[in-house]
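Here's the structure, in structure tokens; my notes come after.
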Amino acid sequence: MALDSRRGKKRKGKKRKIFSPIYLTLVLVILYLPILMVVIYSFNSGRTIGAWQGFTTGWYTRLFGNALMGDALKNSLILAALSSGLAGAIGTLGAIGLARGHLRGAGALESLATLPMMIPELVLGMAYLAVFTAAGIKLGMGALVATHTAFCVPYVLINVKSRLAGMDPALEEAARDLGARPMRVLRDITLPLIMPSVVSGMMLSAAMSLDDVVISFFVTSAETTTLPLKVYTGLRSGGTPEINALSTLMLGAIFICVALSQLLSARSARNDSTRSNAAENRSS
């Protein structure tokens with residue numbers, strides 16, 4: 001009986017090993033095949049998606065010669081740079097305050113700070129529009145920077161706070177014991193150690209800003225158009241292969257931002273492991 005039981009378990013284990021790659025492959029195909037089709041048809045010489053008529057890079061040439069697309073790209077890059085920079089500063093200071101401030105209700109404050117990540121973008125867009133309208137604030141680039149900063153802050157805050165939670169507080173305590181003032185400790189000890197997480201959070205924020213349509217739709221003006229909004233309006237009017245080319249370039253930019261963010265996080269984790277191993281060797 002015991003032998004039959006072991007054999008049955010082995011068969012089940014083999015079935016799971018066979019099923020897991022098939023399931024993973026199916027999920028990846030469902031997720032990424034539509035994206036791959038957009039990339040492929042950006043090089044299609046015909047205007048119809050679904051009918052391949054030959055290879056061309058002409059749509060990219062037309063895209064780079066489109067002044068309206070160029071203005072939209074410029075606005076998106078400025079918006080991503082400003083919002084991710086402000087989110088980096090606010091999120092880093094907030095994470096340090098939550099992790100090192102020993103505040104009452106720190107958990108509630110953290111939940112409140114990360115709430116924009118969980119609220120539907122449609123609700124956020126309507127809320128920001130209502131606030132700006134009531135306050136008499138003109139819609140446009142300023143409103144876009146404020147809203148993008150608000151929903152990008154949680155990405156930086158979570159990244160930096162998790163880094164601070166894994167950082168040895170003895171490093172900061174040793175600096176204070178040697179006479180360093182709080183600002184000196186922050187500048188020379190804390191910030192250099194958490195900088196990879198700050199940059200990682202900022203790059204993720206830039207990717208989210210470059211990808212946003214719904215919130216931007218509510219707070220933009222006729223004079224200020226971002227690249228995602230330009231793509232959206234182009235698709236509503238029927239779309240051209242230029243949109244496929246533009247989507248391909250945007251995908252590439254976002255993948256690069258996310259990949260760099262992951263590389264920085266992995267590098268930070270490796271550095272932490274190296275430091276902890278060195279500390280253990282010295283102590284032993």
Side-chain angles (χ1 to χ4, degrees), residues 21-84 117 120-122 124-125 144 147-148 151-152 155 200-220 222 224-265:
I22 295 173
Y23 175 77
L24 180 61
T25 303
L26 183 62
V27 170
L28 291 175
V29 167
I30 293 172
L31 285 174
Y32 291 104
L33 184 59
I35 296 174
L36 182 61
M37 294 299 291
V38 169
V39 175
I40 290 173
Y41 279 98
S42 69
F43 297 99
N44 183 22
S45 59
R47 300 181 64 88
T48 306
I49 296 177
W52 182 262
Q53 298 179 19
F55 181 86
T56 184
T57 58
W59 299 115
Y60 288 89
T61 305
R62 288 187 59 177
L63 175 64
F64 291 129
N66 190 327
L68 294 177
M69 288 290 187
D71 291 340
L73 174 61
K74 180 182 176 182
N75 290 334
S76 289
L77 292 176
I78 292 173
L79 176 60
L82 290 175
S83 59
S84 61
M117 295 177 66
E121 290 188 347
L122 183 64
L124 279 177
L144 283 168
T147 53
H148 280 229
F151 75 73
C152 285
Y155 297 100
S200 174
M202 288 175 62
M203 297 193 76
L204 186 58
S205 299
M208 298 301 297
S209 175
L210 286 170
D211 190 51
D212 182 72
V213 174
V214 178
I215 296 176
S216 300
F217 178 79
F218 282 94
V219 298
T220 192
T224 307
T225 303
T226 62
L227 201 56
L229 286 174
K230 191 69 178 175
V231 173
Y232 174 70
T233 54
L235 289 174
R236 286 186 62 190
S237 61
T240 67
E242 287 181 57
I243 301 298
N244 291 338
L246 179 58
S247 300
T248 301
L249 295 176
M250 289 179 65
L251 282 169
I254 290 171
F255 283 157
I256 289 170
C257 287
V258 174
L260 289 174
S261 173
Q262 294 297 321
L263 285 173
L264 288 170
S265 297

Could you measure the distance from the [atom1] atom of [X] to the [atom2] atom of [Y]? Nearest 0.5 Å is fine.
{"X": "Tyr41", "Y": "Leu36", "atom1": "OH", "atom2": "CG", "value": "10.5 Å"}
{"X": "Asp71", "Y": "Thr226", "atom1": "CG", "atom2": "OG1", "value": "12.5 Å"}
{"X": "Leu73", "Y": "Leu246", "atom1": "CG", "atom2": "CG", "value": "8.0 Å"}
{"X": "Leu124", "Y": "Phe218", "atom1": "CG", "atom2": "CZ", "value": "10.5 Å"}
{"X": "Leu77", "Y": "Lys74", "atom1": "CG", "atom2": "NZ", "value": "10.5 Å"}
{"X": "Leu33", "Y": "Ile40", "atom1": "CG", "atom2": "CD1", "value": "8.0 Å"}

- prompt: What do the steps show when you test Leu249 against Phe64 for side-chain contact (heavy atoms from CB on, under 4.5 Å), and what is the final call?
  reply: CA-CA 11 Å; Leu249 295 176; Phe64 291 129; 4.0 Å; yes

Contact summary for [X] and [Y], nearest pair of heavy atoms:
{"X": "Leu204", "Y": "Tyr155", "result": "CD2-CD2, 3.9 Å"}
{"X": "Glu121", "Y": "Ile215", "result": "O-CG1, 3.6 Å"}
{"X": "Ser83", "Y": "Ser209", "result": "OG-OG, 3.6 Å"}
{"X": "Cys152", "Y": "Ser205", "result": "O-OG, 3.3 Å"}
{"X": "Tyr60", "Y": "Ser42", "result": "OH-OG, 2.8 Å"}
{"X": "Val38", "Y": "Thr248", "result": "O-OG1, 3.9 Å"}

query: In chain order, what residues pass the side-chain contact (heavy atoms from CB on, under 4.5 Å) check against Ser45, with sequence neighbours excluded?
result: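 Only Gln53, Thr56 meet the side-chain contact (heavy atoms from CB on, under 4.5 Å) criterion with Ser45.
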
message: Applying side-chain contact (heavy atoms from CB on, under 4.5 Å), can you list everything that pairs with Asn66, at least two apart in sequence or on another chain?
response: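 So Asn66 forms a side-chain contact (heavy atoms from CB on, under 4.5 Å) with Leu68, Met69, Glu242.
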
For Ser216, all residues meeting side chain to side chain donor-acceptor pair (under 3.5 Å), sequence neighbours excluded: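 His148, Asp212.
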
- prompt: Quick one: does Thr220's side chain have a donor or acceptor within less than 3.5 Å of a partner on Phe217's backbone?
  reply: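 A pair under 3.5 Å: no.
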
